[in-house]
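So you know, we letter chains A, B, ... as the sequences are listed, proteins then strands, and number each from 1. Side chains included, hydrogens not; waters and symmetry mates left out as well; all remaining heavy atoms used. These numbers come from a predicted model, not from an experiment.
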Amino acid sequence: MAKSKKVSRRQFIINSTQVACAAGVATSFIGGYAAQANSSNAQALRPPGALTEQDFLSACARCGLCVQACPYDTLKLASWLDEAPNGTPYFDARNIPCEMCDDIPCVPACPTGALDHELTNIDDAKMGIAVIVDRSTCLNINGLRCDICYNVCPVRDKAITLEKRQNPRIDYHAILEPVVHADACTGCGKCEHACITEQASIKVLPIELAKGKMQNHYQLYWQTEQADQLNKQPDLPKLNMAKPE
Amino acid sequence: MKNAVGYHSQQAHGFWFAHRLLILRRMSQVSILLLFLLGPWLNIWLIKGNLSSSIILDTVPLTDPFVFFQLLFSGHFPQLNAIIGVTIVLAFYWFIGGRVFCSWVCPVNMLTDLAAWLRRTLGINTHTKLSRHIKYSLLAACFIAPVLLSYVAWEMINPVSLMHRGIIFGIGYGWLVLTAIFLFDLFITRHGWCGHLCPMGAFYGLIGRTSQVKITASNRDNCNDCGDCYLICPEPHVLKPALKGATKNIPPIITNSDCSNCGRCIDVCEPKVFTFTMK
């Protein structure tokens, strides 16, 4: 480097400017490419305890220790042009879902904290949320008794319930519609894996895709203080104070 | 026909002598790869993970400092395991020579060495001159991009981690990147990737500026000007001050941090000019 040679001030300024310009160009190229490459396939799910996608991408060392800790070969490490950004761990629930191990071995294996070590109960995991993506192909919604998503769900009756309603086509038969409750769903993907239709009618999507969000100005009357007051008045009909889900 | 590089050393001292450090180096590179593959292939888990971060016997963590600093610059403060791991790795390379990573560990080196060897044997002389400072610009970019974008941008592309990860976890389309590097080194620029572009090499070079193990041309008085060391060295500019600096009172020790302590100069030198030394 420049240490052994005498460099004139002019040459030094020229050299520094060149390096700075090249660094600028390289930054925009690398950054631009990475921004493109950062998007995951909607079916690539993160391991349990993963930080939000943006934080995860800045925290993951791409070492694969979580992948090697997974006893069921659920997790894969992405390579170039794979479903997830290069080097990051993901799983495809339709192929191998998360078995929700009690000791969550993938999480403590993570050396950087990209998988949050605070997660100790697998039922609190939020790998994604199951969504009935096509009501027209769900056997239960068509009036058959498949029930498989409900039966394989590790948090059955909390994450998926079967809601009974009348079948409008045949008045005396019922429809038992599977309904997902996002607050209890861990995103393990067992339902998607088990779904017997050729293309899964229930799929687990990353939370950013599956969840909507209201603006803060919406006030739900059953969650307001007035509702509390109204309910204390004996001669009015009672409001249902239960929060949705 | 012109004699191959190292011919005289081989004639005088035999094949093994003229290739001893090369063979050691290949054994080091291959056995490190095999250690990582013992787990997935034979279910013997001496070491888990890959070069970016790993753990030996489930107790000693190792973390690549280049990856560690990218995480840090993207705004994530890694956990204790990664901090212990990065300290161990930094201390190791600070002692043994920063770019020892490049020549004794990095799997891409085998690919670029192959390209360099093919160049010598097939007589491919095309060479587009690039500045050896480009790697520092790229290194700066690798650390600026995560600050601006708050994600680890270079690791989306980094061929070094891509190759090592790919061998263990499946390469996918990653071989496209590696083929590009190989062809670039073979036909476009001599020692193009490792010597001119790789920001990871530049980073380890910076660690190596104060490292303890160096190569010295201690017997430079015996140099017979055959030029084999210049031909074999992947960073030939590091040799000249040490080898020819006697008249200018430049000490014989190779101080340039581009030197990767690969030791090929020691192998090919018939009059045994070079040797390893402590700073």
Side-chain angles (χ1 to χ4, degrees), chain A residues 1-5 15-16 18-38 51 53-69 75-83 85-89 108-117, chain B residues 39-40 45 48-55 61 63-64 67-68 71 74-79 81-82 85 131 133-134 136-142 144-146 148-158 161-162 165-166 168-177 241 250 255-258:
Chain A
M1 293 260 308
K3 223 177 184 178
S4 52
K5 283 180 264 170
N15 287 350
S16 320
Q18 275 179 344
V19 170
C21 289
V25 172
T27 305
S28 42
F29 272 112
I30 295 169
Y33 171 76
Q36 289 259 303
N38 252 344
L51 305 176
E53 188 63 11
Q54 174 80 45
D55 290 343
F56 185 79
L57 287 172
S58 76
C60 173
R62 288 122 170 104
C63 66
L65 282 166
C66 56
V67 175
Q68 294 185 336
L75 294 176
K76 287 182 282 194
L77 209 53
S79 187
W80 211 53
L81 307 181
D82 269 352
E83 287 93 326
N86 188 14
T88 58
C110 177
T112 64
L115 305 182
D116 188 354
H117 290 210
Chain B
W45 296 98
K48 289 177 182 169
N50 62 33
L51 285 180
S52 301
S53 196
S54 56
I55 190 158
T63 299
D64 175 35
V67 170
F68 181 89
L71 297 187
S74 72
H76 177 76
F77 193 78
Q79 281 188 331
N81 256 11
S131 162
H133 288 144
I134 295 177
Y136 295 109
S137 305
L138 269 175
L139 176 61
C142 291
I144 297 168
L148 298 179
L149 305 163
S150 76
Y151 50 74
V152 185
W154 181 249
E155 289 305 306
M156 299 287 170
I157 318 164
N158 188 356
S161 46
L162 180 138
R165 192 194 302 126
I168 301 169
F169 295 93
I171 193 106
Y173 286 105
W175 61 270
L176 286 170
V177 181
I250 299 171
T255 50
N256 192 317
S257 61
D258 283 348

Side chain, backbone, both or neither: which part of Ile134(B) has a non-hydrogen atom closer than 4.5 Å to chain A? neither

Please flag which part of Ala78(A) lies under 4.5 Å from any non-hydrogen atom of chain B: side chain, backbone, both or neither. backbone

Is there a donor-acceptor pair under 3.5 Å between the side chain of Asn50(B) and the backbone N or O of Arg62(A)? yes

Do any N or O atoms from the side chain of Ser52(B) and from the backbone of Cys63(A) form a donor-acceptor pair under 3.5 angstrom? no

Determine whether Pro111(A) and Pro61(B) make a side-chain contact, defined as any pair of heavy atoms from C-beta on separated by less than 4.5 Å. no

Between Gln68(A) and Pro40(B), which heavy-atom pair has the shortest distance, and what is it? NE2-CG, 4.0 Å

Would the distance check show the side chain of His117(A) and the main-chain N or O of Gln79(B) forming a donor-acceptor pair, the cut-off being under 3.5 Å? no

Chain A: which of Thr255(B), Leu71(B), Asn81(B) shares the most heavy-atom pairs with it under 4.5 Å? Leu71(B)

Answer with side chain, backbone, both or neither: which region of Ser161(B) has an atom nearer than 4.5 Å to a non-hydrogen atom of chain A? neither

Heavy-atom distance under 4.5 Å to chain A: side chain of Trp45(B), backbone, both or neither? side chain

Quick check for you: to the nearest 0.5 Å, what is the distance between Leu57(A) atom CG and Ser150(B) atom OG? 9.0 Å

Within this structure, what is the CZ-CG distance for the pair Arg165(B) and Leu77(A), rounded to the nearest 0.5 Å? 6.0 Å

Trp80(A) side, atom CH2; Leu162(B) side, atom CG - distance, nearest 0.5 Å: 8.5 Å

Which atoms form the tightest heavy-atom contact between Ile157(B) and Asn86(A), and what is the distance? N-ND2, 4.1 Å

Output for pair (Leu149(B) CG, Gln54(A) CD), nearest 0.5 Å, gives 9.0 Å

Would you mind checking which part of Leu176(B) comes under 4.5 Å of any heavy atom in chain A, side chain (CB onward), backbone (N, CA, C, O), both or neither? side chain

Which pair of heavy atoms, one from Tyr173(B) and one from Ser79(A), lies closest together, and at what distance? N-OG, 4.5 Å

What part of Leu51(B) gets within 4.5 angstrom of chain A, counting heavy atoms only: side chain, backbone, both, or neither? neither

Proximity breakdown for Cys66(A) and chain B, heavy-atom pairs closer than 4.5 Å: neither

